[in-house]
Each structure stands twice: as structure tokens, then as C-alpha cells.
Amino acid sequence: MQYRIGIDSGGTHVEAEAWAEDGTLLGTASAGPGNSLLNYEQTLVNLETVIETLLNQNKVHECQLILAGVAGSQSANNQTAIEAYLLNRFSIPVRIISDADLAMLKGFGYNSGILVIAGTGSIVLGQEGPKRYRIGGWGIY
């Protein structure tokens, strides 16, 4: 059964889920903090931990994609480096976006909306269809 892994890598913890194409939840995993601006190496370790857990619960060769929203990755400009590291480690296509962009995608898809995050870092994002706007931000994001 083909599946995809989705990861929310935030300032306090990393949470991951494996989802089959038919919408069945196949497994969950969690680890410590995952802000790549604050601690790049620990973020990689925690991303590896959740991915390994989910791959061990399912057939590795059936995983089609790993999508991760990683806190701090946009500010640190290390999304491409994280993608390359995880692709090399697991040989599965990887896409890294910011955790704020992941929240927008999960909450609105490509519909219009406004997202406000007030947590370890804070940000306000607006979206009009497929166009996304950073309205403001504060803290580490």
C-alpha cells in the first residue's frame, strides 16, 4: 500500500504521520524539538527518528514522499540542505517547507484565508488562492 509521511517539525517537538492514499492513518511518531535555526543538528536527528519509526512500521519501498514543515528552515535558508540530507539518508523524495507554510497548506489548501501562529515563534500569513503573503512575523520562525 503506497503512503506518504507528513511531519510538523516545531520549536518544542516533531510530530509525524504516515497516511495511505485511501486516507488511512498508518502510524504516528514523535521526537524532541525541530527548529533548524536554533539547533540544526538536533533537528536532523529528530527528523530521522520519526521517519525511521514510520518506515519501520510500514514497507519502506511503498513510501512515495516525505513532506516536512520545519520551523526555522526558511529563516536559516537550510530547506535545500535538509532535503538533500534526508534524500541521501532514506532514498525517498523529500520536500521541506516552513512550518507556517505547512499550517497554511493543511488548514486552507489553496483556498483563501489568514493564519495566525502565536507560539514559540509568531507569524501571520495570508493567502488568496495559490498566492501566499507574509503579513508579519516576530520571534524565531
Side-chain angles (χ1 to χ4, degrees), residues 1-21 23-141:
M1 174 183 308
Q2 294 186 339
Y3 66 97
R4 294 178 176 94
I5 293 175
I7 303 170
D8 181 2
S9 182
T12 56
H13 60 280
V14 177
E15 292 189 25
E17 298 176 339
W19 288 89
E21 290 182 339
T24 303
L25 178 63
L26 301 175
T28 63
S30 61
N35 184 315
S36 67
L37 178 63
L38 293 179
N39 192 331
Y40 181 77
E41 295 299 326
Q42 189 61 54
T43 297
L44 292 179
V45 168
N46 289 336
L47 288 170
E48 282 184 280
T49 298
V50 298
I51 293 168
E52 286 173 350
T53 298
L54 292 173
L55 292 176
N56 287 335
Q57 294 172 4
N58 300 281
K59 294 179 180 175
V60 174
H61 69 278
E62 292 181 355
C63 184
Q64 301 299 301
L65 175 71
I66 298 168
L67 171 66
V70 179
S73 64
Q74 189 172 30
S75 297
N77 196 27
N78 58 20
Q79 291 173 338
T80 302
I82 297 169
E83 284 178 1
Y85 178 83
L86 294 175
L87 176 61
N88 183 59
R89 174 70 176 82
F90 295 106
S91 299
I92 297 168
V94 178
R95 179 76 173 102
I96 303 296
I97 61 177
S98 75
D99 59 334
D101 285 332
L102 180 66
M104 274 304 269
L105 182 61
K106 186 176 178 184
F108 297 107
Y110 291 105
N111 297 312
S112 298
I114 294 175
L115 172 75
V116 177
I117 298 175
T120 306
S122 300
I123 190 168
V124 178
L125 293 175
Q127 180 170 289
E128 187 174 11
K131 292 184 178 181
R132 187 159 298 149
Y133 307 95
R134 173 175 262 169
I135 299 170
W138 174 87
I140 299 166
Y141 53 85

Measure across [X] and [Y] and return the closest heavy-atom pair with its distance rounded to 0.1 Å.
{"X": "L37", "Y": "A76", "answer": "CD1-CB, 3.7 Å"}
{"X": "A18", "Y": "L25", "answer": "O-CD1, 3.5 Å"}
{"X": "G34", "Y": "S9", "answer": "O-OG, 2.7 Å"}
{"X": "V70", "Y": "T43", "answer": "CG1-CG2, 4.0 Å"}
{"X": "Q57", "Y": "L26", "answer": "OE1-O, 4.0 Å"}
{"X": "S98", "Y": "S73", "answer": "CA-OG, 3.9 Å"}

Quickly, which of V94, I7, N46, I92 forms a side-chain contact (heavy atoms from CB on, under 4.5 Å) with I51? Name it, please. I7

Residues forming a side-chain hydrogen bond (donor to acceptor under 3.5 Å, both in side chains) with S36, sequence neighbours excluded: N78

Out of curiosity, [X] [atom1] to [Y] [atom2], how far, rounded to the nearest 0.5 Å?
{"X": "I123", "Y": "S75", "atom1": "CD1", "atom2": "OG", "answer": "8.0 Å"}
{"X": "D8", "Y": "L67", "atom1": "CG", "atom2": "CG", "answer": "10.0 Å"}
{"X": "L105", "Y": "L115", "atom1": "CG", "atom2": "CG", "answer": "11.5 Å"}
{"X": "L44", "Y": "T49", "atom1": "CG", "atom2": "OG1", "answer": "10.5 Å"}
{"X": "I66", "Y": "L55", "atom1": "CD1", "atom2": "CG", "answer": "6.0 Å"}
{"X": "C63", "Y": "N58", "atom1": "SG", "atom2": "CG", "answer": "8.5 Å"}

For [X], enumerate each residue passing the side chain to side chain contact (heavy atoms under 4.5 Å, CB included) test, keeping only those at least two apart in sequence or located in another chain.
{"X": "N39", "value": "E41, Q42"}
{"X": "S112", "value": "E128"}
{"X": "L65", "value": "R4, P93"}
{"X": "A84", "value": "none"}

Are the side chain of [X] and the backbone of [Y] linked by a donor-acceptor contact shorter than 3.5 Å?
{"X": "Q127", "Y": "G109", "value": "yes"}
{"X": "Q64", "Y": "E62", "value": "yes"}
{"X": "S30", "Y": "E15", "value": "no"}

Among pairs that include at least one residue of residues 47-59, which meet salt bridge (Lys or Arg N to Asp or Glu O under 4.0 Å), considering only residues two or more places apart or in two chains? E48-R89, E52-R89

So I82 and Y40, do their side chains get closer than 4.5 Å, heavy atoms only? yes

Is there a side-chain contact between E83 and R95 (heavy atoms, below 4.5 Å)? yes

Using the side-chain contact (heavy atoms from CB on, under 4.5 Å) rule, take T24 and Y3 through it: C-alpha gap first, then chi angles, then the decisive distance, then the call. CA-CA 9 Å; T24 303; Y3 66 97; over 6 Å; no

For E21 and M1, run side-chain contact (heavy atoms from CB on, under 4.5 Å): C-alpha distance rounded to whole Å, both residues' side-chain angles, the deciding distance at 0.1 Å, then the answer. CA-CA 8 Å; E21 290 182 339; M1 174 183 308; over 6 Å; no

